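Some notes on the structure that comes next.
Bear in mind the structure is a predicted one, so any value in this text is a computation, not a measurement. What's counted below: heavy atoms across the whole structure, side chains too, no hydrogens, waters or symmetry copies. Every number for a ligand or one of its atoms is a count from 1 in the order of the listing.
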Amino acid sequence: MTGLWPHQYEAADLAFRGRNVIISTGTASGKSLAYLTPAVAACLDGGTVLYLTPTKALAADQLRSLRELRITQLRAATFDGDTPFEERTWVRQHANYVLTNPDMLHRSILPRHSQWSSFFRRLRLVVVDECHGYRGVFGSHVAQILRRLRRACARYHSHPTFILASATASEPGVFGRRLTGLEMDEVTVDASPKGATTFALWEPPLTELRGEGGAPVRRTATAEAADLLADLVLADVRTLAFVRSRRGAETVALTARAKLADVAFSLPYTPTHTGPATDAKTGSTANPPAHPTTTTHAQTTPTPAPTTDPKTGPTTNAPEDATTATHAQVTPTPAPPTDEKTGPTPDTPAHPTTATHAQATPTPAPPTDPRTGSTPDTPALATHAEATYTGAALPPEPPADVSATADPGTPSDPETTADAHPGRPRERGDQPSTQPGQPPSSLTWAIPEQAETDFNDLADLPNKIAAYRAGYLAEDRRLLEKALREGTIMGLATTNALELGVDVSGLDAVLIAGWPGTRASFWQQAGRAGRDGQDALAVLIARDDPLDTYLVHHPEALFGRPVEAIVLDPDNPYVLGPHLCAAAAEIPLTEDDLPIFGPTTAKVLEDLVAEGILRKRPAGWFWTKRERATDLADIRGGGGNPIQVVESSTGRLLGSVDEPSAHTTVHTGAIYLHQGETFLVELLDLEAGVALVSSANPDYTTFARDITDISILSTERSQPLGTGTLHFGEVEVTRQVVSYLKRRLQSGESLGDEPLELPPRTLRTRAVWWTLPASAVAPLAEAGIDLGGAAHAAEHASIGLLPLFATCDRWDIGGVSTELHADTGLPTVFVYDGHEGGAGFAERGYARATDWLTATREAILSCECERGCPSCIQSPKCGNGNEPLDKRGAIRLLNTLLSPQ
Ligand SMILES: [Zn+2]
Ligand SMILES: [Zn+2]
């Protein structure tokens, strides 16, 4: 076991001793070695190994590396939808290392377990790779599939050890136990070395444009990203920009190229960004006092005032930045906070205990370009930065934020908004999708002819920037990698499709246009910067959205906290029921099986029998129908009959959208995003189950608006919350999509509403809600506060902030607020899971209510708009057209709620 990092050794050693273990560490920390060692040993010893990964692509990658080991006794094979039938028999009978995915396990392997008997009998180890992708409803399904797997193994008298590999997450052991139902050790230390990264949090300025209700609109994150990309490339900094949609990525690349073309003709160069935008109000919060013990990375002098270019001396604000000057402030660079627990943060090599924390450490020198030995001049960066931090140890890695499981192309117009208001839109019900692969298409980037370009050759400047998206052929990807390595391309704008294809190491800077959804994804993307232990730069550019606003004003929410826990709820009866049927079809269920499937099993079985779905006999529960029981569980969908999304001109099936989210994502007139490409929905035919779309390039994006009613079915938990009461329980939600809002892509400007006629839908789900007693509310009413508007504003902002506490998207959850709710008789604000039966998000909100609602109040407070805007209390999917909303009232209301009793 030499040559392993301690964390690899620890995980492998636990597995050797038959202990289930989850290893949760950062990018490039060599997790695969931790499971490969015991896995190969099991095979050499006559056992078998089952390897599970969310995507076929990852399984193919793994297979390649296993084959490179050239161990003859290792008979590794993939078993997935692409495996030809003639090969399947061979795999079942002879392979001792089978790589597959949860879908195949669910639909094929477990239902035909008897054909796999010799494999199951010898099964020693189950590897669940990239398991952070198993969250929410999808994760809950996978949890039940793994319970069925354990039961099948038991039938063949094998009791395999489970090794889970995850991106960095909070409480990985808890997650591992929920996912497998087994006791789980955790290994979280990451000993692999990394350089320091300087972080900048960047808030685009408000513009003169007006959105809904006359609210001010911010400059878009993509417009800012394009400027920064151009500036960095000019400064000879190799930069990657993450943009939500392909269209957005292309816009960023094109705009940045145009800027470089301008520069090429108008030297000497002046940075395009010279106007500082540091917020005066937040300067103090964002900039903690310098830590006295900071060492080599700490700059002994304050960073040059933002408007000063260290090389060229002071420059003046360019006229184009006039709007930013309003909140301009020259701030010395802060030395970021040091973790109190660990004391002074050491130099570069990651402190072992920092692995799971995003730690802020002293500000490092800017990234040095190893080629030139010089420090790239990135003056423009300081100017707009709200705060600058360094994470000594890039914590972590990536929840493949589902990108691995196919998030990128999910049907949600969110991406579309990417350009204007990226961020927002993930539709509720957005599942890791099973979208068909995208056919490769021609490259949109051009690689300059000569391999070695003289950087001084200014006419060639624009060609140093390219856009990248999913679907490129392997050889195209290799070309791009080569161009990046050699420096013929210095700047690349991409969607997170990059996670699936290109190996870009050796970057100096990463721009992230819009909060990527989780701290874990954020670290993953930021972790792309920094070559060979060099220092690096990462910039988060906020979109016009409450969560992004909150984060750029509250760096401590990013840097002072561990990454998210992975949330799932295997006890959701809507998930459990179908898997109990599948399990009964595999092997009739007996009383002894009940504990495997969790505490609600007996009750759910009773219901299934009452509905005539399962039969109860003295020997247990039986599936007696002719249909396949596995068809009941739509593990990647959200229930209902999926709507097929079809390109009308070609008949090509682009993918499917589950019925509940079809109303919001593919209604007639919707702009639908599929794997980064934009389509216009010509017609949604619910009866035929089809949405006809055509390729389009409109300059607007759409947001469905719904009206919602909610009634409480049962209250499961209650607790006091400040002056009010917090509840969690089951609710019935009736939603009807009534219209959609159009917004201009580049500016975010509202173009008005279009009505829709869609039937209402009911959803039984779980919700968290809070109420205030009449005694607490009376003074507010007396002070002239519009209680309805205040509650409504608080609801919108709290929906925007919940993703910070539960690993979900804003569009996975919904809310209702009312001045007087029929079931509570009090002012009440509900936030519910947008999935049948619940998904664990509202439950997480209940558990973290004080932090969550405090952050909500802070988000509203820190937005500098006067009466509310999309960055704080406006919601793009509000069925009431964002009326009424009372910003100051919401702050008062939350103050009242959160004040100690
Ligand atoms: Zn605002
Ligand atoms: Zn609303």
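- Angle SG(Cys865) to the Zn ion (ligand 1) to SG(Cys863): 110° [nearest 10 degrees].
- Taking the six-membered ring wherever Trp is involved, the centroid distance between the rings of Phe199 and Phe522 falls below 6.0 Å.
- In terms of heavy atoms, His821 sits closest to Ser711 at CE1-CA, 4.5 Å.
- With waters neither drawn nor counted, the protein N/O/S atoms under 2.8 Å from the Zn ion (ligand 2) amount to 3.
- Asp544 places a side-chain N or O within donor-acceptor distance of the main-chain N or O of Ser871, the cut-off being under 3.5 Å.
- For the pair Arg766 and Tyr832, the cation-pi criterion (under 6.0 Å, within 45° of the ring axis) is not fulfilled.
- Looking at heavy atoms from C-beta onward, Glu203 lies in side-chain contact with His553 at the 4.5 angstrom threshold.
- Between Arg705 and Glu754 there is no salt bridge, since no side-chain nitrogen of the basic residue lies less than 4.0 Å from a carboxylate oxygen of the acidic one.
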